[in-house]
Amino acid sequence: MTVKTRFAPSPTGYLHIGGVRTALYSWLHARQYNGKFILRIEDTDRERSTQESVEAIIEGMNWIGLGYDEGPIFQTDRFDRYAEVISQLIEQGDAYHCVCSREELDAMREAQRANKEKPRYNGKCRDAKHNGADVESVIRFRNPVEGDVVIDDLIKGQIIINNRELDDLIIARSDGTPTYNLTVVVDDLDMGVTHVIRGDDHINNTPRQINMMKALGTIMRADLPKFAHAPMILGDDGKRLSKRHGAVSVMQYRDEGFFPQALLNYLLRLGWSHEDQEIFSREEMIELFKLENVNGAPSTFNTKKLLWVNEQYIKTLPAAEIAEHLQWHLDDQRLDVSNGPALNDVIEAHRDRAKTLRELAASIRYYYEDFSEYDEKATKKHFKTATPNILQNLSDKFSKLSDWNAENIQAEIYASCDELELGMGKVGPALRVAVTGSGTSPSLDITLALVGQQRSLQRLEKSVAFAKQKYA
RNA sequence: GUCCCCAUCGUCUAGCGGUUAGGACACCGCCCUUUCACGGCGGUAACCGGGGUUCAAGUCCCCGUGGGGACGCCA
């Protein structure tokens with residue numbers, strides 16, 4: 001049987017980072033076994049589902065690079081099928097109409113809580129034989145009363161829940177629409193899902209779903225999928241990761257300058273490991289990932305580690321690939337790189353100095369645009385009374401250079417130091433500020449080579465004037 | 001409250017009865033250095049508590065404690 005997994009988010013917001021992790025696990029498991037990965041949109045709650053959310057999920061999946069083989073499948077397109085299954089359940093006695101009002105149910109729960117019991121439906125209509133014609137009614141699944149449900153969870157191990165803990169859940173609302181626990185069961189069965197991989201906040205739903213699957217076994221496939229419940233991701237306060245912890249939407253990570261594969265790499269290592277390896281290529285992930293090795297304990301999201309992982313990708317990815325991802329940030333920061341040095345060369349010079357693509361984009365502006373102001377701190381620290389003289393000396397030498405490359409530039413800088421009888425520490429920093437406007441840049445020879453001879457000379461000329469006026 | 005899950009450095013983890021408890025991030029030193037980084041070397045730092053089982057327990061069992069989750073006509 002071919003392995004089939006699915007990612008089944010509900011479109012009620014952005015694509016969440018926790019969702020991405022379970023999607024990744026599902027995707028990896030499918031890819032590892034040459035199986036199929038489905039994207040299914042669980043939009044049965046029409047009140048809260050939105051088209052924007054659907055688009056956000058798809059955009060997120062595209063950016064992060066988890067390709068699906070089927071879908072997106074919308075549950076709202078399958079209402080006829082769910083109705084059919086619900087009728088069948090009623091017919092075979094595994095579901096029934098319930099006429100209890102919301103008020104009645106609320107009161108019931110409140111009383112149970114007051115009584116220190118777990119709130120659940122008391123089964124009042126279970127044997128009342130309502131036919132749903134007279135009054136408004138919902139449909140409930142008739143859960144077995146006795147016995148245990150055993151889940152052999154691929155991550156958590158064996159979990160046993162007694163049917164006493166479960167109540168008769170609603171599978172169709174009073175308006176006739178099906179609810180999550182019914183649709184997920186029908187879909188996983190119909191679509192041939194072999195491995196249900198999801199967050200462990202669903203563990204409590206699993207025994208109910210297994211009971212329904214068993215009830216449906218007569219008319220649908222009788223084999224059950226395997227289950228794997230991945231633990232939640234926690235914020236640094238130990239609470240479940242949410243908006244108040246910062247970025248939880250996957251697209252926010254793009255905006256902040258992360259590579260999709262770095263985010264994936266980080267998420268993979270959060271709760272899973274393979275020996276001492278930290279960085280995994282896509283191929284290695286597929287080859288090495290094992291559901292069985294996923295840690296059962298929840299883990300805390302750590303942005304600093306994510307930054308480090310991202311840094312590793314900036315340091316090692318081919319410049320051309322970095323350029324592709326950098327483009328979004330260049331557009332975002334309104335930087336046109338057509339008029340200046342080759343972007344790939346600039347990336348090579350800066351890749352050891354940025355942790356994110358956003359930082360990288362922000363740090364290379366001076367190659368492409370003239371700056372109107374010098375960094376105040378830098379001029380204060382490095383521009384002295386001798387500065388005009390130094391810069392003029394450098395400028396004279398640079399202007400005579402016929403071959404503008406790093407090696408020659410370096411030689412001229414040293415020659416200047418000798419001639420002026422100054423150390424590099426006096427000459428270098430001033431030159432850097434003059435040409436880049438800032439106190440930091442790659443080594444000067446490379447920086448100047450990239451900025452270009454003409455631009456460098458213009459900037460030197462400008463800075464001589466500036467330094468004279470200000471420090472003479 | 002009830003049920004379910006979980007428990008090794010601050011964080012992510014290795015460990016699957018016998019280890020000087022390993023690695024990574026972060027942090028702190030030192031080195032490299034024209035800036036900022038990168039890099040190199042070194043360091044601080046953990047088995048939640050209590051009972052068992054065993055010659056031997058971080059590892060197995062039980063009970064606490066702590067954290068997380070679920071308890072909707074949400075998914």
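Quick caveat: nothing in here was measured; it's all calculated off a predicted structure. Throughout, a chain's letter reflects where its sequence line sits, starting with A, and its residues are numbered from 1.
- The partner of G39(B) is C31(B), judged by Watson-Crick or G-U wobble contacts that both fall below 3.5 Å.
- Of the C1' atoms belonging to U20(B) and G58(B), the separation is 15 Å, rounded to the nearest Å.
- For Glu165(A), whose side chain is taken as the heavy atoms from C-beta onward, the closest listed nucleotide among U34(B), U2(B), C73(B) is U2(B).
- Here, C6(B) and U13(B) have their C1' atoms 15 Å apart, quoted to the whole Å.
- The same atom, C1', is picked in U65(B) and in G51(B); the two are 14 Å apart, to the nearest Å.
- Closest to the side chain of Asn302(A), out of U34(B), C3(B), C25(B), is C25(B).
- The shortest distance between the side-chain N/O atoms of Thr44(A) and the OP1/OP2 oxygens of A75(B) is below 4.0 Å.
- Nearest-nucleotide positions on RNA chain B place Glu117(A) closer to the 5' end than the other of Glu117(A) and Asp167(A).
- Rounded to whole Å, the C1' atom of G68(B) lies 25 Å from the corresponding atom of C16(B).
- Thr300(A) approaches Leu270(A) most closely through the heavy-atom pair O-CD1, 3.6 Å.
- Between G15(B) and C71(B), the two P atoms lie 34 Å apart (nearest whole Å).
- Here C6(B) presents its P atom at 7 Å from CD1 of Ile203(A), a figure rounded to the nearest Å.
- A salt bridge links Asp188(A) with Arg40(A); the closest basic N to acidic carboxylate O contact falls under 4.0 Å.
- Using a 30° and 60° split on the angle between ring planes, Phe371(A) and Tyr374(A) fall in the perpendicular class, above 60°.
- Using a 4.0 Å heavy-atom criterion, one finds that Lys116(A) contacts the sugar-phosphate atoms exclusively.
- For U2(B), neither phosphate oxygen OP1 nor OP2 lies less than 4.0 angstrom from any side-chain nitrogen or oxygen of Arg113(A).
- Contact annotation: side chain of Ser174(A) to base of C73(B), donor-acceptor pair present below 3.5 Å.
- Asp167(A) places no side-chain N or O within donor-acceptor distance of the main-chain N or O of Gly123(A), the cut-off being under 3.5 Å.
- Across every strand in view, C16(B) sits unpaired, with no contact that passes the Watson-Crick or G-U test at under 3.5 angstrom.
- Base pairing analysis places A57(B) opposite nothing; no Watson-Crick or G-U wobble pair with both distances below 3.5 Å involves it.
- Comparing atom distances between the Asn204(A) side chain and each of C6(B), A26(B), C3(B) picks out C3(B) as nearest.
- At a threshold of 4.0 angstrom between heavy atoms, the contacts of Gln410(A) include nucleobase atoms, whether or not backbone atoms are also involved.
- Side-chain contact between Cys125(A) and His130(A) is present, with heavy atoms from C-beta onward closer than 4.5 Å.
- Nucleotides A46(B) and G39(B) are separated by 29 Å at their C1' atoms, to the nearest Å.
- Between Ile170(A) and Asp201(A), it is Asp201(A) whose nearest contact on RNA chain B lies nearer the 5' terminus.
- Contact check, Arg208(A) against C3(B): no side-chain N or O comes under 4.0 Å of OP1 or OP2.
- Nucleotide C73(B) forms a pair with no other nucleotide shown, judged by Watson-Crick or G-U wobble geometry with both contacts under 3.5 Å.
- Here Arg109(A) lies in heavy-atom contact (under 4.0 Å) with sugar-phosphate atoms only.
- Set against C3(B), G68(B), A26(B), the side chain of Met232(A) has G68(B) as its closest nucleotide.
- Neither OP1 nor OP2 of G1(B) sits under 4.0 Å from any side-chain N or O of Arg120(A).
- Between Phe289(A) and Trp272(A), the ring-plane angle classifies as tilted under the 30° and 60° cut-offs.
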Assess whether salt bridge (Lys or Arg N to Asp or Glu O under 4.0 Å) is satisfied between Arg240(A) and Asp201(A), documenting all intermediate values.
CA-CA 11 Å; Arg240(A) 189 175 165 166; Asp201(A) 49 338; 3.2 Å; yes
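- Listed nucleotides: A75(B), A70(B), C12(B). Nearest to the side chain of Asn181(A): A75(B).
- Look at A24(B): its Watson-Crick or wobble partner, with both distances under 3.5 angstrom, is U11(B).
- Using a 4.0 Å heavy-atom distance criterion, Gly439(A) is classed as a base contact.
- Shortest non-hydrogen contact noted between Arg455(A) and Tyr368(A) is NH2-O, 3.1 Å.
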Short N/O separations, protein against nucleotides 37-40 of chain B, under 3.5 angstrom:
unit_1: A37(B); atom_1: O2'; unit_2: Asp352(A); atom_2: O; d: 2.3
unit_1: C38(B); atom_1: O3'; unit_2: Lys315(A); atom_2: NZ; d: 2.8
unit_1: G39(B); atom_1: OP1; unit_2: Lys315(A); atom_2: NZ; d: 2.8

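- Near-neighbour residues of RNA chain B inside residues 154-164 of chain A, defined by a heavy atom below 4.0 Å, number-ordered: Lys156(A), Ile159(A).
- Below the 3.5 angstrom threshold, one finds a donor paired with an acceptor across the side chain of Asn205(A) and the base of A75(B).
- Nucleic acid contact class of Pro119(A) (heavy atoms, under 4.0 Å, all strands): base.
- If you take atom C1' in G18(B) and the same atom in A56(B), they sit 6 Å apart, rounded to whole Å.
- With respect to Arg120(A) and Asp168(A), no salt bridge is recorded, no charged nitrogen being found less than 4.0 Å from a carboxylate O.
- For the P atoms, the distance from A26(B) to C38(B) is 9 Å, rounded to whole Å.
- When distances are taken from the side chain of Leu105(A) to each of C73(B), A14(B), G1(B), the shortest belongs to C73(B).
- Across all their heavy atoms, Met212(A) and Leu182(A) have their closest contact at CE-N, 4.2 Å.
- Nucleotide A45(B): unpaired (no Watson-Crick or G-U wobble partner with both distances less than 3.5 Å).
- Side-chain contact, Glu407(A) with Asn405(A): no donor N or O sits under 3.5 Å from an acceptor N or O.
- In this structure, Pro231(A) reaches neither bases nor backbone, as no heavy-atom distance under 4.0 Å exists between it and the strands shown.
- Proximity of Ser299(A) to the phosphate of U13(B): a side-chain N or O atom is located under 4.0 Å from OP1 or OP2.
- Gly271(A) comes within 4.0 angstrom of the backbone, heavy atoms only, and of no base.
- Using a cutoff of 4.0 Å between basic side-chain nitrogens and carboxylate oxygens, Arg358(A) and Glu256(A) are not scored as salt-bridged.
- Across every non-hydrogen atom of Thr440(A) and Tyr366(A), the tightest pair is O-OH, 4.1 Å.
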Let me see the working for Arg113(A) and Glu110(A) under salt bridge (Lys or Arg N to Asp or Glu O under 4.0 Å), right down to the final yes or no.
CA-CA 5 Å; Arg113(A) 274 187 206 278; Glu110(A) 207 173 315; over 6 Å; no
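- Shown for residues 272-280 of chain A: residues whose heavy atoms fall under 4.0 angstrom of RNA chain B, namely Ser273(A), Asp276(A), Glu278(A).
- If you check A24(B), C4(B), U35(B) against the side chain of Thr440(A), the one that comes closest is U35(B).
- At a threshold of 4.5 Å between non-hydrogen side-chain atoms, the residues Thr177(A) and Thr76(A) do not count as touching.
- Each of U34(B), C25(B), C71(B) was ranked by its minimum atom distance to the side chain of Ser443(A); first place goes to U34(B).
- The minimum heavy-atom distance between Leu306(A) and Tyr253(A), with the atom names listed, is CD1-CE2, 3.6 Å.
- Checking the phosphate oxygens (OP1, OP2) of G68(B), a side-chain nitrogen or oxygen of Lys239(A) falls inside 4.0 Å.
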